[in-house]
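Below: the structure, in C-alpha cells.
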Amino acid sequence: MKKIIALVIVLLMCAALIAGCSKNEDVAPGDTSVQPTASKETPSNVDSQPDDDASGGLPLVDTPVTVTAWWPCAFTLSVIPSMEENLVFKEMARLTNVYVSFTTPSSASMTEQFNLLITSGEFYDFDMISYFPLLYNKGLDNAIDELMVVPLEDYLEIMPNIKALRDNNEAIRKGTTTDKGHFGGIPLVKVDKNGNAQGAWVGGVIRQDWLDELNLKVPRTYDQAEQVFKTFQDNGLAEHPLWIRNDGFTMGNIVNGGFNVINGFYQVNGRAKYGPMEPDFRRYLEKLNDWYNKGYIAPDFYAQQDYFGPIDKVANNEYAVFDCIYTWNKTYKLAAADPDFKLTAMRILVENENDPVHVRMTTDPASQYLCFPYGSKNVELLCRYWDYLFSEEGILLSNYGVEGETFEYDENGEPVWSGPLKSDAPEFNLSDTQGAYFLYNSPGYILFDRELSVVEPEAAGFVDIWNEDGCDYFFPGTATMTSEENTEYANIMGDVQTFVSENLVKFIIGEKSFDEYDNFINEMKKLRVERAIELRQAALDRYNSR
C-alpha cells in the first residue's frame, strides 16, 4: 500500500484533532456526529441519475452530462487556456462522464463579479459556485434560509468519504458546520500527508549571506535584531534593513508577534480581542517609532503595498529582513544581483529569548468552499462527483495528477511530481502550474506539502522554523456572524479601521505623540469598537458550541 493512501486512511479512521495549533481544544470522540436542523425540502429532480451504489461506481452516469461552475481563479491561466483544460477536471470527465463548463473571474474582480451575479439573478444559472461562503457576507445560514443554496447534510449518506472525514475529525467537522448545524458546501481541507493542518506558509526571513559575511547569528530578540540592523547599516549593506507593510505589520508577524498583538481580531482563552485596544499594541508601536527614528525602517514604508518583501527591492539589496512565502525563495535568488544571495528563516522576534509567541500565522484546517444554488438539478450527481475527489484515488489525482504525466512513484512508493512540475525555466510559475494540473486553492482535499518536492531544501525548512512559534490566539476563520450581526459589524468597523489606519502611521513616524494614545483609545470606543468586539465574541461562542 502506497504511503500517501495509507496515511489518508489513517486520517479518515482516527478521531484526531488536526487544527495545527489548537492544542487546548477538547475533543469528545464519542460526540462528533453532526445533528443538523431540519432543512428545507431539497430538490429531487436530478437530470441525470447517478449510479445507485452509494460508494459512487464509475462512471457516475452512462450518458455524458455537462454542469456549470462559477469558479474564481486564484492564479493566472497562463499554462492552460481555460479551466476545462485542467488535468484533474479532464481526467474526472473521462472517469465520471461529467464535464464542467467554467466561468472564471479573476481573483481581483471576483467580489464585483459575484455581486453582479447575485443582483442579475444569473446566480441560479450555475450548478456550482466556488468561493460562495467567502463572498456572501450574510453567511451560509442566511443563504440556506433564503433558499439560495442547498444544505448538504441530507446528502452525506451518498458522500461516504466526506462524511467519514467530518465524523472522525472534530476540527474539520466544526470548520464545515454552520451555526445552525448545516453542512453548507463542499469543503476545502488543507493538510499534510500526516493529516496535520497547514501552519505558517509565510514568515520572516533574513539575508544569511550578510550574517555569514559579518559573523552574525540570526536574531531572536529585539535587542539582537537591533544590533544586526545597525551592523548592516554600518557596513553599507542596507540603509533601512527592516521591511514592513504600510500599516506597520507583516503577515508573518515578524515584529509584532513578540508583543502577541495583531492589527485585527484574535482570541485569548475564548475571549475575543481587538489588537489596537490592547495595552501591548501601544508598546509595539513605540518599538516601531524607535526603530523608525534609528533608520531601520524606510521613511516611506507607509507607501508599501506588497504583502511580502518586494522582489525588485530585495534583489537590489534594499531590505535584509522581510516576509517571504517559502515557495518564493528561488524567485528572490534568481532576481538578486548578488550571486551570493541567500535567505534563511527567522522566528518571530521577542523581548526575551524564552518568551512565548501566540500569534504566528496559521490557517483553518477546513472550511466550506463550494455551494450548489437552490434549484440545481444536478446536486446529487455533484455530491457523488466531489466525494470521489475525497477518496484515495481522488486525493491522489487532486494532488499529483496522472502517473507518467505529472508524477512518478519513488523507491519508497511515494508519489513525486515530475514532468512540467520540474521545470527550471525562468518563467516557471508554481501557482499557475498547480492551477493547471491539480486542485489548487479550491474545494477538495489538498496536501499542501506536495509543493516541497520542487522547493529548495533550505526553503522547505523555513516552514519548520516558523512553526516553532505558537498560534493559539488564532481566531478561527470559520467563526461566522449572522446576517444582522454582519451588517452592524461592517458599519462599525468601516469607521474604526479607517480611523486606526490614519493614526498608526502617525504614531510610528512621530507625527502624533504617544501622549495622545489614551485619546486614540477613547475615539475607538466612541466609534463603538467595543460593540464590534461583542459581535465577534458571539460568533466565537457559537463556533465553540458547534
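Only this structure's heavy atoms are used, side chains among them; waters, hydrogens and symmetry mates stay out.
Residues Phe475 and Tyr266 keep their aromatic ring centres 6.0 Å or farther apart. When ring centroids are compared, Phe232 and Trp210 come within the 6.0 Å threshold. Two rings, from Trp71 and Phe89, have their centers less than 6.0 Å apart.
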**Report entry** Step-by-step side-chain contact (heavy atoms from CB on, under 4.5 Å) determination, Phe390 to Ile186
**Finding:** CA-CA 10 Å; Phe390 284 80; Ile186 302 299; 4.1 Å; yes

Requested in this report: Take Ile465 and Arg347, measure what side-chain contact (heavy atoms from CB on, under 4.5 Å) needs, and give me the verdict at the end.
Outcome: CA-CA 6 Å; Ile465 293 172; Arg347 293 180 62 184; 3.8 Å; yes

Requested in this report: Determine, step by step, whether Phe281 and Phe249 satisfy the ring-ring contact (aromatic ring centres under 6.0 Å, His included) criterion, reporting the C-alpha distance in whole Å, the side-chain angles of both residues, the deciding distance to 0.1 Å, and the verdict.
Outcome: CA-CA 11 Å; Phe281 195 90; Phe249 288 76; 5.5 Å; yes

Query - Verdict with supporting geometry, Glu468 and Arg360, side-chain contact (heavy atoms from CB on, under 4.5 Å) - result: CA-CA 9 Å; Glu468 288 183 34; Arg360 74 141 163 88; over 6 Å; no

Requested in this report: Check the pair Thr433, Tyr437 against side-chain contact (heavy atoms from CB on, under 4.5 Å), reporting the backbone distance first and the verdict last.
Outcome: CA-CA 6 Å; Thr433 304; Tyr437 293 102; 3.8 Å; yes

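Considering OG1 of Thr176 and CZ of Arg546, their distance stands at 9.0 Å, rounded to 0.5 Å. The CG atom of Leu439 sits 13.5 Å away from atom OH of Tyr445, with the distance rounded to the nearest 0.5 Å. Residue Ile297 holds its CD1 atom at 5.0 Å from CG of Leu242, rounded to the nearest 0.5 Å. Going from atom NE2 of His240 over to atom CZ of Phe301 covers 12.5 Å, rounded to the nearest 0.5 Å. To the nearest 0.5 Å, atom CG of residue Leu540 and atom CZ of residue Arg536 are 9.0 Å apart. From Asp179, atom CG reaches atom CZ of Arg542 across 4.5 Å, with rounding to the nearest 0.5 Å.
Contact record, Ser130 with Pro72: O-CD, 3.8 Å, taken as the closest heavy-atom pair. Closest of all the heavy-atom pairs between Pro133 and Leu140 is CG-CD1, 4.1 Å. Residues Val416 and Ser453 approach most closely at CG1-CB, 4.3 Å, considering heavy atoms. The shortest heavy-atom contact between Ala366 and Thr478 is O-CG2, 3.7 Å. Here the closest heavy-atom approach between residue Met83 and residue Gly435 is recorded as SD-O, 4.2 Å. In terms of heavy atoms, Ala225 sits closest to Leu349 at CB-CD1, 3.8 Å.
With hydrogens and angles disregarded, no donor-acceptor distance shorter than 3.5 Å links the side chain of Asp469 to the backbone of Val359. For Asn503 (side chain) and Phe499 (main-chain N/O), a donor-acceptor pair under 3.5 Å exists by modelled atom type. Although no hydrogens or angles enter the test, the distance criterion places a donor-acceptor pair under 3.5 Å between the side chain of Asp432 and the main chain of Thr76. In this structure, Asn246 contributes its side chain and Gln305 its backbone to no donor-acceptor pair below 3.5 Å. Judged purely by atom type and a 3.5 angstrom limit, Gln537 has no side-chain atom pairing as donor or acceptor with the backbone of Ala532. Put simply, the side chain of Asn352 never gets that close to the backbone of Asn354: no donor and acceptor are under 3.5 Å apart. Ser367 contributes no side-chain N or O that, together with a main-chain N or O of Gly175, makes up a donor-acceptor pair within less than 3.5 Å. The main-chain N or O of Pro105 is never found under 3.5 Å from a side-chain atom of Gln113 such that the two would form a donor-acceptor pair. At distances below 3.5 Å, not a single donor-acceptor pair connects side-chain atoms of Asp355 with backbone N or O atoms of Val350. The backbone N or O of Ile172 sits less than 3.5 Å from a side-chain atom of Asn169, completing a donor-acceptor pair.
Taking the side chain as every heavy atom from C-beta outward, Gln208 and Leu211 approach each other to under 4.5 Å. Two residues are said to be in side-chain contact when any heavy atoms from C-beta on lie closer than 4.5 Å; Phe462 and Val455 fail this criterion. The shortest side-chain heavy-atom distance between Phe474 and Asp364 falls under the 4.5 Å cut-off. Counting heavy atoms from C-beta outward, Lys294 and Phe229 have side chains that stay 4.5 Å or more apart. In this structure the side chain of Tyr473 never reaches within 4.5 angstrom of the side chain of Ile262, judged on heavy atoms. You'll find the side chain of Phe123 reaches within 4.5 Å of the side chain of Val149, heavy atoms only. Counting only heavy atoms from C-beta outward, the side chains of Gln434 and Trp417 approach each other to under 4.5 Å. Residues Asp192 and Gln198 have side chains not in contact (no heavy-atom distance under 4.5 Å, counting atoms from C-beta outward).
Within a 6.0 Å sphere centred on OH of Tyr307, other residues, nucleotides and ligands contribute 12 heavy atoms or fewer. In the displayed structure, Glu239 atom CD is contacted under 6.0 Å by at most 12 heavy atoms of other residues, nucleotides or ligands.
No side-chain N or O of Asp290 forms a donor-acceptor pair with one of Asn293 less than 3.5 Å apart. At a cut-off of 3.5 Å, with distance as the only test, a side-chain donor of Asn317 or Arg207 sits close to an acceptor on the other residue. Using a 3.5 Å distance cut-off with no hydrogens or angles, the side chains of Tyr440 and Ser431 do pair a donor with an acceptor.
The pair Lys512-Glu502 does not meet the salt-bridge criterion, since no charged nitrogen lies less than 4.0 angstrom from a carboxylate oxygen. Arg282 and Glu286 are joined by a salt bridge, as a carboxylate oxygen and a charged side-chain nitrogen come within less than 4.0 angstrom of each other.
For the ring pair (Phe, Tyr, Trp, His ring centres under 6.0 Å) criterion with Phe507, the lone passing option out of Phe514, Tyr284, Tyr302, Tyr292 is Phe514.
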Distance-only donor-acceptor pairs under 3.5 Å for side chains of residues 320-341, two or more places apart:
residue	atom	partner	partner atom	Å
Asp323	OD1	Gly252	N	3.4
Asp323	OD2	Thr250	OG1	3.4
Asp323	OD2	Met251	N	2.8
Asp323	OD2	Gly252	N	2.8
Tyr326	OH	Glu451	OE1	2.5
Lys330	NZ	Asp424	OD1	3.4
Tyr332	OH	Gly309	O	2.6
Lys333	NZ	Glu458	OE2	3.4
Asp338	OD1	Asp340	N	2.9

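With sequence neighbours left out, Phe114 forms a ring pair (Phe, Tyr, Trp, His ring centres under 6.0 Å) with Trp70, Phe132.
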